[in-house]
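Heads up, the thing below is written out as structure tokens.
All values reported here derive from a predicted model rather than from experimental measurement. In what follows, chains carry the letters A, B, and so on, assigned in the order in which the sequence lines appear, proteins first and then strands, with residues in each chain numbered from 1. We use all heavy atoms of the structure for the numbers below, so side chains are in, but hydrogens, waters and symmetry mates are not.
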2 protein chains.
Amino acid sequence: MKTVLVVIPAQSGHRAKLEAAGEGCTFLYASPGTVTAEQVAGADVIIGNVPAALIKASPRLGLLQLNSAGADDYIKPGILAPKTILANATGAYGKAVSEHALALTLMLIKKLHLYRDEQRKANWADEGRVGSIADSVVAVVGLGDIGLRYARMAKALGAYTIGVKRRAGACPEGVDELYADDGLDKVLVRADIIASFLPGNGATTHLYNEARFKIMKPSAIFINCGRGGAVDSEALYKALSTGGIASAGLDVTELEPLPPESPLWSLKNLVITPHVSGGFHLPETFERIVDIAAENLSAYLQGRELKNIVDFETGYRKCFF
Amino acid sequence: MKTVLVVIPAQSGHRAKLEAAGEGCTFLYASPGTVTAEQVAGADVIIGNVPAALIKASPRLGLLQLNSAGADDYIKPGILAPKTILANATGAYGKAVSEHALALTLMLIKKLHLYRDEQRKANWADEGRVGSIADSVVAVVGLGDIGLRYARMAKALGAYTIGVKRRAGACPEGVDELYADDGLDKVLVRADIIASFLPGNGATTHLYNEARFKIMKPSAIFINCGRGGAVDSEALYKALSTGGIASAGLDVTELEPLPPESPLWSLKNLVITPHVSGGFHLPETFERIVDIAAENLSAYLQGRELKNIVDFETGYRKCFF
């Protein structure tokens, strides 16, 4: 009899769905904060992001179904045994993260962060000219579920959209031009808005370095809702504090939580949200995670093909950037 | 020879366009702050919002072409002589104001105003659940150029849109349901987001009173980018501070500038911008104002029909709410 360890906050309806998918299995419920090394070692299947340090390449673990889209912590050598299947929750976060990124984009275009600062001082002050999303060239770097949704929303609001993904292919609907990652620099030069949704892995670390911020327009707005490691924080600080780019919005930072002493906090033209675009902040996200987990649990037990299997090279679902 | 007094900040290109439209006229350039009563009294045509108090029902004035969409100050009795034609700049502000309203909407849905407040304290704090524009019922009250553009953007992002206008007619593209103004209360009950773009006139004063805030959902987000007088500020304060509605975004207030002692400034769940959604904040807006003014000047001089003639009853363009 197989043991399924569930560390997502599943309520009764969610439990019923998972237990129906894993009929005949023993179910054990815990949370990432309370789960023990013994529970992890005794599990055949784990649903949810258990602390990676507890896994210790457990030979019994057949499937680790994450509740996140990013899998950075689990693709490192020595965490999972070779036979363990790693699946993520790509697709569950598309709506939540893409809307958050769009909200950051419009906030920065319309200078609402500056107006909020003035409001706190009861100051009715005009912050001058603004831009328009409808007149903007929007570069979307990382064109998975999240990036593609963002591109389509920007396009629906009138923007001209340019996608950049690992391997260029046919240009999807909602994207005006598509480039492979070696075309990134040419795209950055042209963009009014750069929205990045890259996973954290060796190839993306400090992709946004001093040289890349330098080729962006001084009027450019930069958004990162992928992983914080893609941005060299010092280079971003320099670009924002010297007029290299106009403003930026980060939902992710290199160190999380961002330390209180970080100079990024006090940049007027930077908006920081504490990695909340995804998570379970939009109730629908959690429902979709449970659906993915139930589907994959059933497929795993019945020997069928799973969805969202993580590519250890990119850290994301195999078919995407 | 007719005299055209221009009080908008027209640069050489704009002046050339206006002077071509008004061939044979004498052109005089000033600003709303420097223009004199003598200049106003000597003008056959005025382009731009001169202080209403200077006009004194000047019998010579044949056309007052405003640079604003709102005409509140000029429709009051005694300001304009009966024969003076009053035209506004409806159409010039659609893109700017509708995008600003959408930016406020997304900012509030995603709680970015709260995250900005925490950022100023270098605090990495989770503000909990958020909503989604795609899952929202969006009521758009006042369905002129600005409101219709806002409705279409919300619809393009997945929202269900309900329009309310003075006289209901055929439901325009991008609007799922349309009601006349007597259907307002039924719409307010159902809406997750209420975005108001009403002009300032007798019929709209304190339209959003205590009773109307009470029938809104406790989770409702209220946006006003029309005129401030449509909202009873005390009723709004009460609704926001007692959980009557979730949050609000105002680009207009009853008194402008909003006095520093107003309690509205310090409400955490209210975002205030200082009547900047329109104005000349988006460069394109000004170009469109000049186009409208040039077209109407030429039509006036040649005895053709003008566009954007203000209805003194509603304070807006005749065919719209």
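- Taking 4.5 Å as the limit, every side-chain heavy atom of H113(A) sits out of range of all side-chain heavy atoms of L112(B).
- Residues of residues 262-278 of chain B placed with any heavy atom under 4.5 Å of a heavy atom in chain A are listed by number as L264(B), W265(B), S266(B), L267(B), K268(B), L270(B), V271(B), I272(B), T273(B), P274(B), H275(B), V276(B).
- E99(A) contributes atom CD, which lies 7.5 Å from atom CG of D135(B) (distance to the nearest 0.5 angstrom).
- To the nearest 0.5 Å, atom CE of residue M107(A) and atom CE of residue M107(B) are 3.5 Å apart.
- Annotation: maximal heavy-atom pairing with chain B below 4.5 Å, among R116(A), E118(A), K95(A), E261(A), occurs at R116(A).
- Of the atoms belonging to D117(A), it is side-chain heavy atoms, and not backbone ones, that fall under 4.5 Å from chain B.
- Atom CG in L255(B) sits 9.5 Å away from atom CH2 in W124(A) (nearest 0.5 Å).
- E284(A) places no side-chain N or O within donor-acceptor distance of the main-chain N or O of S132(B), the cut-off being under 3.5 Å.
- Heavy-atom distances place both the backbone and the side chain of R129(A) under 4.5 Å from chain B.
- Residues from residues 150-163 of chain B that place a non-hydrogen atom less than 4.5 Å from a non-hydrogen atom of chain A comprise M153(B), A156(B), L157(B), given in numerical order.
- Of the residues considered (I109(B), T105(B), L104(B), L106(B)), L106(B) shows the highest number of contacts with chain A, using heavy-atom pairs under 4.5 Å.
- Separating the CG atom in L102(B) from the CG atom in L102(A) is a distance of 7.0 Å, to the nearest 0.5 Å.
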